[in-house]
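Data block below; observations after.
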Amino acid sequence: MIRVQPDDFDVSTEIARLSDGRTDIGAIVTFTGTVRGGANDSAGAITSMTLEHYPGMTEKELARIETEANARWPLQGTTIIHRIGELNPGDNIVLVVTASRHRRAAFEAAEFLMDYLKTRATFWKKETAADGSGDWVDARDADEAVLARWKK
Amino acid sequence: MIRVQPDDFDVSTEIARLSDGRTDIGAIVTFTGTVRGGANDSAGAITSMTLEHYPGMTEKELARIETEANARWPLQGTTIIHRIGELNPGDNIVLVVTASRHRRAAFEAAEFLMDYLKTRATFWKKETAADGSGDWVDARDADEAVLARWKK
Amino acid sequence: MTGKLLYFAWVREKIGKGEELVDLPGDVSDVAQLISWLKTRGPEYEHAFERADIIRTAIDQTHVKPDARITDAREIAFFPPVTGG
Amino acid sequence: MTGKLLYFAWVREKIGKGEELVDLPGDVSDVAQLISWLKTRGPEYEHAFERADIIRTAIDQTHVKPDARITDAREIAFFPPVTGG
């Protein structure tokens, strides 16, 4: 399931949505990404962050990534939720949930979804510093590099 | 934080316990292990599962594993909760939560905690089948084998 | 040919708009040629596409390379490397 | 020497108790020797330690190998490979 929304999410609620009433799941992994006060390691403190995206393409790209994860691992369910709009330090940005019979598949699929989301999903972050100046976050080469792990 | 308890846990509550009011966390990974209806791949349907443990040693062993994870990765917090007593298919068994600045550390530490918990923490599962017969779950050699990954 | 162009993040800010319809010259047939042509349209475009090597392109909501043909495109989007998650 | 022994899971079920205090002979100084001696104490012990190679041991709540010395042990626990998580 894919959702792009300004609203916050609740991890337990999303786990329940995937697993309630089922007895064929043995492992559920969640990843929550949050806004850090000094979001770029090089930058100073930020007061807020604005997330822009490409409506339509974002959802398609997330669906492609989700389909690919389901082709690679035996999964009982997957959820990707990404927030847009203005967020503050400590706020949730993104949630990935994976459910499988076994822990290895759930862990690997969650990492795969995050690695691909980071490099393919059409979101852009702009940080606002304490002095009011705004800066678009630069993409990290490291995010692109980790994809090599899944090219097999 | 380590807890061994008969009671269920709530994932969102445990995430909040680690992260509320903090802006230095960027990534939170949770792993939830649940009782499958056919818990051993080879066995038939089970109606319940009983978890026995070694009071005192279990908590010490979990604390050792947690300390080791914190020595290996830069973590902002870790939680391990393991249930004991009688559980039913679909019930939660174990929760691991890791919080870090970056996603790779949070993912790796969570997998490490689960891999070591599976092979070192003194818990034993007994399954009750539909016909009332009880069977102690055999340890999986695969669980021991995955530890090789962390020997470096 | 009339093309629908979309711009996001700092590409959008530099050009000063998020979307426009343009009449494309007949000799513009791939992404790289389209960028070269856009840069001739004014200083804001020149500025936005100054670092053309790092700008990403999507045709009809799918990531493409600079040599991708644009002939049948319904919408073409330009944006910086993504930074979600 | 008097030793406190603990048994868990099917080791406990086969022996029929979870805990006991035993007087250890003076020539029993490591885990392997302790297991050999326990097997002489009755059919339930023989049965429980039949697959001695897969039984795990902890001395004072720390995992140990079969050659671990038991001389200073306060409590010694025997159990199958763990199956938590």
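We name chains A, B, ... by the order of the sequence lines, and we start the count at 1 in each one. Because only heavy atoms are used, hydrogens play no part in the values below, and waters and symmetry mates are left out as well, while side chains stay in. Keep in mind the model is a prediction, meaning the values are calculated, not measured.
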Quiz item: Should we say atom CG of Asp53(D) is surrounded by more than 12 heavy atoms from elsewhere, each under 6.0 Å from it?
Solution: yes
Look at the side chain of His63(D) and the backbone N and O of Arg120(B), then say whether any donor-acceptor pair between them is shorter than 3.5 Å. yes
Can you find a heavy atom in the side chain of Trp136(B) that is under 4.5 Å from one in the side chain of Glu13(D)?
yes
The interface call for Lys60(B) against chain D, heavy-atom contacts under 4.5 Å, is side chain
If one checks every heavy atom of Leu6(D) against chain B at 4.5 Å, the contacting part turns out to be side chain
Review point. Is it the case that more than 12 heavy atoms not belonging to Asp141(B) sit under 6.0 Å from its CG atom?
Key: no
If one checks every heavy atom of Thr119(B) against chain D at 4.5 Å, the contacting part turns out to be backbone
Worksheet item: Do the non-hydrogen side-chain atoms of Met57(B) and Asp60(D) ever get within less than 4.5 Å of each other?
Response: no
Backbone N/O of Ala139(B) and side chain of Thr83(D): donor-acceptor pair under 3.5 Å: no
Discussion item. When you measure from the side chain of Trp124(B) to the backbone of Gly84(D), do you find a donor-acceptor pair of N or O atoms at a distance under 3.5 Å?
Written reply: no
query = Would you say Tyr54(B) and Gln61(D) make side-chain contact, with heavy atoms under 4.5 Å?
reply = yes
| query | Does the pair Arg64(B) and Thr62(D) meet the rule for a side-chain contact (heavy atoms from CB on, under 4.5 Å), with working shown? | reply | CA-CA 10 Å; Arg64(B) 275 191 278 260; Thr62(D) 300; 3.7 Å; yes
One should read off an interatomic distance between Phe8(D) CZ and Thr58(B) OG1, to the nearest 0.5 angstrom, of 7.5 Å
- Task: Examine distances only and state if a side-chain atom of Lys118(B) and a backbone atom of Val82(D) form a donor-acceptor pair shorter than 3.5 Å.
- Result: no
Most contact-rich option vs chain D, by heavy-atom pairs under 4.5 angstrom, among Met114(B), Lys126(B), Arg83(B), is Lys126(B)
